[in-house]
Structure formats: C-alpha cells, structure tokens
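Data block below; observations after.
Nothing fancy with the numbering, it's 1 onward along the sequence. Source: prediction; values computed, not measured.
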Amino acid sequence: MGMSFRRYLSGERIYGCSNCKTHLATIHSMMSRAFNGQHGRAYLFDGVVNVVEGEPDDRPMTTGNHTVRDIYCVKCGTTLGWKYDKAYEPSQKYKEGKYILERNLLTDVQ
C-alpha cells in the first residue's frame, strides 16, 4: 500500500478530526446543523475530504431507513460520522451523497 496524501483546506473556518487535526471540511460546505449522531449534535456537509468510507449498511434512523457508510479519518482511523448512500423516504432524498460529521469528534483547525 502506498503513502496516502491528505488534502489541506483553506478558508475562514475549517473542521478537522479531533484526534489528529486532519482537515475534513469547511464551513462553506456545511448544509445543516440540525442533525444528531451517536455522540450528540451532528452537521450535514455537502462534501468532505481525507476520509475513508466503510461498507454500505442499511440502518433504521429517526427519519426512516437509509443505506449509509461509516466514515473514518484517513490519518488516524477515528470514526467521524457517516455518508448517506440511499434514502428510502422521498422527503429524505436530499441527503443522498451527503456526509454527517459528529460535532464531538471535530475540532476547529482554523
């Protein structure tokens, strides 16, 4: 396996992994703060960087059934949240391809 290169983000507010501070997302890619994860508050992002996606898993959630993949920090392997692959409820389709990052697992890098 080769060396993995991490992307570094720029902007006024950058969220990073709370364990190793690897850049994950900017405030501009945040779509909503009105989500909950396993560890409390969570944010919905349009795109994130420096994550590894796990295998798809069908899970019952508060808003219906979804196919999701856990996402992990590319540097330290910390579980950070999940990616929505598929939403089965028509009203939840906007989540497909989006990412949840849990607030308690993030730190402000910049």
Side-chain angles (χ1 to χ4, degrees):
M1 179 181 253
M3 183 177 183
S4 63
F5 292 94
R6 289 179 286 151
R7 287 192 52 200
Y8 292 89
L9 302 171
S10 61
E12 62 187 62
R13 188 163 191 190
I14 297 168
Y15 295 101
C17 172
S18 63
N19 189 49
C20 68
K21 300 193 179 11
T22 294
H23 291 196
L24 300 169
T26 66
I27 187 90
H28 299 297
S29 63
M30 184 186 291
M31 297 177 66
S32 175
R33 288 187 164 113
F35 283 79
N36 289 303
Q38 294 176 333
H39 303 93
R41 303 294 302 167
Y43 303 152
L44 182 70
F45 288 89
D46 189 31
V48 299
V49 298
N50 299 321
V51 296
V52 176
E53 297 178 7
E55 293 297 315
D57 183 32
D58 288 332
R59 294 184 194 161
M61 297 185 158
T62 317
T63 55
N65 288 327
H66 295 82
T67 301
V68 299
R69 297 171 185 262
D70 286 333
I71 56 174
Y72 310 92
C73 176
V74 74
K75 181 177 180 189
C76 70
T78 298
T79 302
L80 300 166
W82 62 89
K83 177 185 178 183
Y84 287 102
D85 278 352
K86 182 173 177 56
Y88 294 96
E89 298 291 328
S91 65
Q92 302 301 308
K93 292 285 187 188
Y94 74 95
K95 296 177 183 175
E96 292 181 348
K98 307 297 189 283
Y99 298 84
I100 290 288
L101 294 176
E102 298 199 42
R103 181 63 194 135
N104 288 341
L105 304 175
L106 301 176
T107 189
D108 290 337
V109 178
Q110 195 173 356

On a heavy-atom basis, the closest approach of K86 and K93 is NZ-NZ, 3.7 Å
Between V48 and A25, the two heavy atoms sitting closest are CG1-CB, 4.1 Å
For the side chain of [X] and the backbone of [Y], is there at least one donor-acceptor N/O pair under 3.5 Å apart?
X	Y	result
S18	L105	yes
N50	V74	no
R69	G54	yes

>> Run T78 and L80 through side-chain contact (heavy atoms from CB on, under 4.5 Å) and show every step you take.
In response: CA-CA 6 Å; T78 298; L80 300 166; 4.3 Å; yes
Only distances under 3.5 Å count here; give the side-chain donor-acceptor pairs of residues 33-41 to other protein atoms, sequence neighbours excluded, each with its distance to 0.1 Å.
residue : atom : partner : partner atom : Å
H39     : ND1  : E102    : OE1          : 3.1
R41     : NH2  : R33     : O            : 2.5

* Trace of the side-chain contact (heavy atoms from CB on, under 4.5 Å) decision for D58 with Y88 -> CA-CA 10 Å; D58 288 332; Y88 294 96; 3.4 Å; yes
[X] [atom1] to [Y] [atom2] distance, which is reported to the nearest 0.5 Å:
X	Y	atom1	atom2	value
C20	R6	SG	CZ	6.5 Å
D85	H66	CG	NE2	11.0 Å
L24	Y43	CG	OH	13.0 Å

Sequence neighbours excluded, the answer for salt bridge (charged side-chain N to carboxylate O under 4.0 Å, His left out) partners of K21 is none
| request: Assess whether side-chain contact (heavy atoms from CB on, under 4.5 Å) is satisfied between I71 and L101, documenting all intermediate values. | output: CA-CA 9 Å; I71 56 174; L101 294 176; 3.7 Å; yes
(message) Applying side-chain contact (heavy atoms from CB on, under 4.5 Å) to Y15 and I27, what does each step give before you reach the verdict?
(response) CA-CA 7 Å; Y15 295 101; I27 187 90; 3.4 Å; yes
Review point. Under a 4.5 Å side-chain heavy-atom rule over Ile, Leu, Val, Met, Phe, Trp and Tyr, are L44 and W82 clustered together?
Key: yes
Exercise. Consider only side-chain heavy atoms of I, L, V, M, F, W and Y, link residues closer than 4.5 Å, and tell whether V68 and I100 are in one cluster.
Key: yes
Residues 89-110 vs ring pair (Phe, Tyr, Trp, His ring centres under 6.0 Å), sequence neighbours excluded, gives none
side-chain hydrogen bond (donor to acceptor under 3.5 Å, both in side chains) with Q92: of E89, K95, E96, only one passes, and it is K95
- Lys/Arg-Asp/Glu bridge criterion (N-O < 4.0 Å) met for D46, K98: yes
